[in-house]
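A short write-up of the structure that comes next.
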There are 2 protein chains.
Amino acid sequence: MHSIGQLAKRVECPVETLRYWEKEGLLPTPYRGENNYRWYQDSHLERALFIRNCRNLDMSLAEIRQLLSYKDQPDIRCDQVNRLLDEHISHVTERIASLTLLKDTLESLRQRCVTEKNMDACEILVGLSCDQAQGTTDKCSSHLRGAHPGSSRSI
Amino acid sequence: MHSIGQLAKRVECPVETLRYWEKEGLLPTPYRGENNYRWYQDSHLERALFIRNCRNLDMSLAEIRQLLSYKDQPDIRCDQVNRLLDEHISHVTERIASLTLLKDTLESLRQRCVTEKNMDACEILVGLSCDQAQGTTDKCSSHLRGAHPGSSRSI
DNA sequence: TAAAAACCCTAAAGTTACTTCAGGGTCAAG
DNA sequence: CTTGACCCTGAAGTAACTTTAGGGTTTTTA
């Protein structure tokens, strides 16, 4: 039996995140002591590790929910797991490609101003003001986050 | 003079986004007709294009706000613009590196299940349940989004 | 000319995956 | 017995919108 703090240490995530996963139905509700504290079994630990591993692999909670539901039906075929993973991999691949394009655009934009000029002569600002589409218009990545995520998931 | 719908077409973004940028102080409040409709001038168009271009380059609204404030002081030196861009480029570079690592991990995980097994024998699920940290623990990218952004910014 | 379609408005809530905050119990150590 | 570490809940905040609800206006079509 682990307290929520102990579980958090083992899983290397904040206590609040565990409570959040529980509220979202990803982590089963644990036993409560008479002081209303949560007490977790090893099965909870395993599940929490699974979730954290998936999150480290940048899967969404929706994807993880899917995966968990597959996992809870041991008798069916696992090709759906394979498919989910394949799709996730292709999303990541797409995102890499789009960010690489982005980087090229940013670097060529940066090249336009190598000397220190005044603002009104800065070629970067000129480049940004024009009507041509700059960078990826990003039709692809409706699924993958871009360049400014929330704060980190460190312990 | 453009109506908000016309501006949205030119800028290739939803009408709601323009109203949002205005509320956030990025786009100046336009003239209002007697029916309370917004009417934009060419200066608004230019500004909106600037913002959209920056967004296409995956800059945050905070970064854009900075850039716009530089732009509004034509007499000062533009080295701050260069610095902002350099930082943004390095964020994007970091994110690419971390996603590339991620992809490797995902692909090696995917290799573990090439045949169709039952769920309880699926090596992928086994791999995801283990205690070892999988993928990037992502200490770097407190600034760059990951793999699941909001819905796209298409028109 | 009247009704339907297209366009405009505001304010508020929803999205993701948490984090932070406010306010308050519980427990072990000194 | 009090200080600090730990636990609880519920609500609000984060980014950059999107969606919804509810309601005007203008243009088009029948």
Side-chain angles (χ1 to χ4, degrees), chain A residues 1-9 11-27 29-40 48 51-52 54-65 91 138 141-155, chain B residues 1-9 11-27 29-40 48 51-52 54-65 91 138 141-155:
Chain A
M1 298 282 260
H2 323 269
S3 71
I4 197 169
Q6 290 162 347
L7 193 66
K9 271 206 188 70
V11 176
E12 293 178 84
C13 73
V15 163
E16 291 79 15
T17 300
L18 294 172
R19 283 198 281 251
Y20 176 72
W21 289 346
E22 178 184 332
K23 205 175 59 179
E24 292 298 299
L26 293 165
L27 204 53
T29 57
Y31 170 76
R32 295 289 188 119
E34 56 182 25
N35 54 11
N36 201 30
Y37 285 17
R38 290 168 175 85
W39 289 105
Y40 295 96
I51 299 170
R52 186 218 49 185
C54 292
R55 291 292 298 138
N56 283 349
L57 293 172
D58 235 343
M59 294 180 198
S60 68
L61 292 195
E63 285 170 319
I64 299 171
R65 217 184 304 275
H91 290 149
D138 230 339
S141 70
S142 74
H143 176 64
L144 297 176
R145 275 174 276 146
H148 304 263
S151 39
S152 65
R153 299 187 293 280
S154 60
I155 187 166
Chain B
M1 297 284 260
H2 322 269
S3 72
I4 196 169
Q6 290 163 346
L7 193 65
K9 269 206 189 71
V11 177
E12 292 177 87
C13 75
V15 163
E16 292 77 16
T17 300
L18 294 173
R19 285 198 281 250
Y20 175 72
W21 289 346
E22 177 183 332
K23 205 175 59 178
E24 291 298 298
L26 293 164
L27 206 53
T29 57
Y31 169 77
R32 296 288 188 120
E34 57 181 24
N35 54 9
N36 202 29
Y37 285 17
R38 291 169 175 84
W39 290 104
Y40 296 95
I51 298 171
R52 185 219 50 187
C54 291
R55 291 292 300 138
N56 282 350
L57 292 172
D58 234 344
M59 294 181 199
S60 67
L61 292 196
E63 286 170 319
I64 299 171
R65 217 184 304 275
H91 290 149
D138 230 339
S141 71
S142 74
H143 176 67
L144 298 174
R145 274 174 276 146
H148 303 265
S151 40
S152 64
R153 300 186 292 280
S154 60
I155 189 164

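Source: prediction; values computed, not measured. Heavy atoms only: backbone and side chains are in, while hydrogens, waters and symmetry mates are out. First the proteins, then the strands, lettered A, B, ... as listed; each starts at 1.
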Closest contact, heavy atoms only, A:Ser3 versus A:Trp39
N-CZ3, 3.3 Å
Strictly below 4.0 Å: does A:Trp39 bring a side-chain N or O up to OP1 or OP2 of D:dC7?
no
Going 5' to 3' along nucleotides 7-13 of chain C, which nucleotides have protein heavy atoms under 4.0 Å from the base (write B), which only from the sugar-phosphate (write S), and which from neither (write -)?
BSSB---
Can you tell me how far P of C:dA17 sits from CG of A:Leu18, to the nearest Å?
16 Å
Of all heavy-atom pairs linking B:His2 and B:Leu7, the shortest is CB-N, 4.2 Å
In terms of the nearest nucleotide of DNA chain D, which residue is placed more toward the 5' end: B:Tyr20 or B:Glu16?
B:Tyr20
How far apart are the closest heavy atoms of B:Pro14 and B:Ala8, and which atoms are they?
C-CB, 4.3 Å
What is the distance, to the nearest angstrom, from the CZ atom on B:Arg65 to the C1' atom on D:dC17?
13 Å
How many whole angstroms separate atom CH2 of A:Trp21 from atom P of C:dT16?
17 Å
Least distance between heavy atoms, B:Leu61 atom then B:Arg55 atom:
CD2-CD, 3.5 Å
Separation of B:Leu26 atom CG from D:dA15 atom P, in whole Å?
13 Å
Correct closest heavy-atom pair for B:Leu27 and B:Ala48 would be CD1-N, 3.9 Å
A:Glu24 CD to C:dT15 P, straight-line distance once rounded to whole Å
10 Å
Scan the side chains in residues 15-24 of chain B for donor-acceptor partners under 3.5 Å anywhere in the protein, sequence neighbours excluded, and list what turns up.
{"unit_1": "B:Glu22", "atom_1": "OE1", "unit_2": "B:Arg38", "atom_2": "NE", "d": "2.9"}

Looking at C:dA17, I'd like to know if its phosphate oxygens (OP1 or OP2) sit under 4.0 Å from a side-chain N or O belonging to A:Thr17.
no
Quick one: A:Leu7 CG to D:dC8 P, roughly how many Å, whole number?
11 Å
